[in-house]
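Below is one structure, written out as structure tokens, with a few remarks after it.
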Amino acid sequence: MSTTGDGTRSVRAGLPTPEQYEPTLPGPVFAAHFHLSGDPVGPYTYGRDGNPTWTHLERAISELEAPDEPVGTTVFASGMAAVSAVLLSQVRTGDVVVLPDDGYQALPLVREQLEAYGVEVRTAPTGTDSVLGLLDGAKLLWIETPSNPGLDVCDVRGLVEAAHRAGALVAVDNTLATPLGQRPLELGADFSVASDTKGLTGHGDILLGHVSCGDPGLTDEVRRWRKIVGAIPGPMEAWLAHRSLATLHLRMDRQCANALALAETLAERSDVAGLRYPGLPGDPSYATAARQMRRFGSVVSFRLADKATAERFLAELRLVDDATSFGGVRSTAERRGRWGGDAVPEGFIRFSVGAEDLDDLLADVEHALDASAR
Ligand SMILES: *Cc1c(COP(=O)(O)O)cnc(C)c1O
């Protein structure tokens, strides 16, 4: 597998050994329970514990996350189910956890919950060295890179080395990059976690998440947590996700190229400030991103003059939906400040670049910028 390219790996990921008269990718298996006589041993006994459709998807994601190493993947009903499974299966009362203070907007809720369980939570911004001073006595370091929505990048390998020296496990939220953009387990992380609601599935029609780890003991703990909480994906969602993987490389290549071109166009405009794209040479994240990322993602962020200008811009767009989430084949953009959870200015736009024809997309954005700059 390791000698194949990303495209070959994406189209074949997780497929079972060919069998005469069987489909290439077996359809979703709808089952609450499976025929089972005698001792209740797997692989499939009860639907909360395992399902063949998950198994195919989990193998596929493992191949993408770490083509050269045996890793275990556990799929979940959503990204937050995956995030919670790592944190809550690992930490105990009295432990210390280090979280980013500029990460996904539900992390502050996670922080509150951890603190309610008697876990000490320390926070630091992504992409700064201040996290190094917080690792003493920590059980787990949580990294989100590139961060959502600020698009800051941190040096995963460097942080993993420091955290491991301090005896802490490291989890990387890899949602924005996808495994075709960056492979955290190869950079030394203990867990690669993602919301597959975003770029991995890429059509904006399902919620899903996963956790991959190289250590079978950690995988068992994550699976045990899924069994306890029951945050399991539906077979239809799991199957749709697997089907979507076959085009992951095509979508990523197109969307990342479009994102870079959009960033280059925005960089020329005087009405756009605070432009961020990790793949833009000159971006504060570029040097670190270029060392550890293989694709820079489909999200671009920037700032317009104020809330009213940002709202006019969004209303003028014709090919870009005003909607949250990111990573889909259809471009979306939103004024991130409307949620109130992120520390961003009122005119801050998070733009998720889709797979449209570049000229159409650029023309639409330039028109909307011109029309909103009244
Ligand atoms: C969306 C997102 C999540 C949460 O995923 P859901 O699938 O919405 O539960 C977690 N982390 C990041 C970085 C995200 O963008």
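Positions are given from 1 along the sequence. We use all heavy atoms of the structure for the numbers below, so side chains are in, but hydrogens, waters and symmetry mates are not. Order of listing sets the numbers, starting from 1, for every ligand and every atom in it.
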- Task: Could you tell me which atoms of ligand 1, counted from 1 in the order shown, lie closer than 4.0 angstrom to a heavy atom of F326?
- Result: 15 (O)

- In terms of the angle between their ring planes, are F302 and F313 parallel, tilted or perpendicular, with boundaries placed at 30° and 60°? perpendicular

- Identify the protein heavy atom lying closest to atom 7 (O) of ligand 1, giving its residue, its atom name and the separation to 0.1 Å. T197 OG1, 2.6 Å

- Does CZ belonging to F30 count more than 12 external heavy atoms closer than 6.0 Å? yes

- Query: For T73 and E65, does a side-chain donor sit closer than 3.5 Å to a side-chain acceptor?
  - Reply: no

- Message: Quick test: of every protein heavy atom, which one is nearest to atom 13 (C) of ligand 1, and how far off is it to 0.1 Å?
- Response: D173 OD2, 3.4 Å

- Sub-4.0 Å atoms of ligand 1 with respect to non-hydrogen atoms of S195: 1 (C), 2 (C), 3 (C), 4 (C), 5 (O), 6 (P), 7 (O)

- Where ligand 1 meets E144 - atom numbers and elements under 4.0 angstrom, heavy-atom basis: 13 (C)

- Message: Show me which atoms of ligand 1 lie under 4.0 Å from any heavy atom of M80.
- Response: 4 (C), 5 (O), 6 (P), 9 (O)

- Message: Show me which atoms of ligand 1 lie under 4.0 Å from any heavy atom of N148.
- Response: 14 (C), 15 (O)

- Query: For P67 and E186, which heavy atoms make the closest approach, and how far apart are they?
  - Reply: CD-OE2, 3.4 Å

- Note on the structure: for atom 1 (C) of ligand 1, nearest protein heavy atom and its distance come out as K198 NZ, 1.4 Å

- Message: Tell me if the CZ atom of R330 is crowded by more than 12 foreign heavy atoms within 6.0 Å.
- Response: no

- Item | Heavy-atom pair of closest approach, residues H56 and P26 | CE1-CG, 3.7 Å

- Message: Just to confirm my output: which protein heavy-atom neighbour is closest to atom 8 (O) of ligand 1, and how far is it?
- Response: Y104 OH, 3.8 Å

- Task: Decide whether an N or O pair under 3.5 Å exists between G79 and ligand 1.
- Result: yes

- Note on the structure: Closest non-hydrogen atoms of W225 and A85, given as atom of the first, atom of the second and distance, are CD1-CA, 3.3 Å

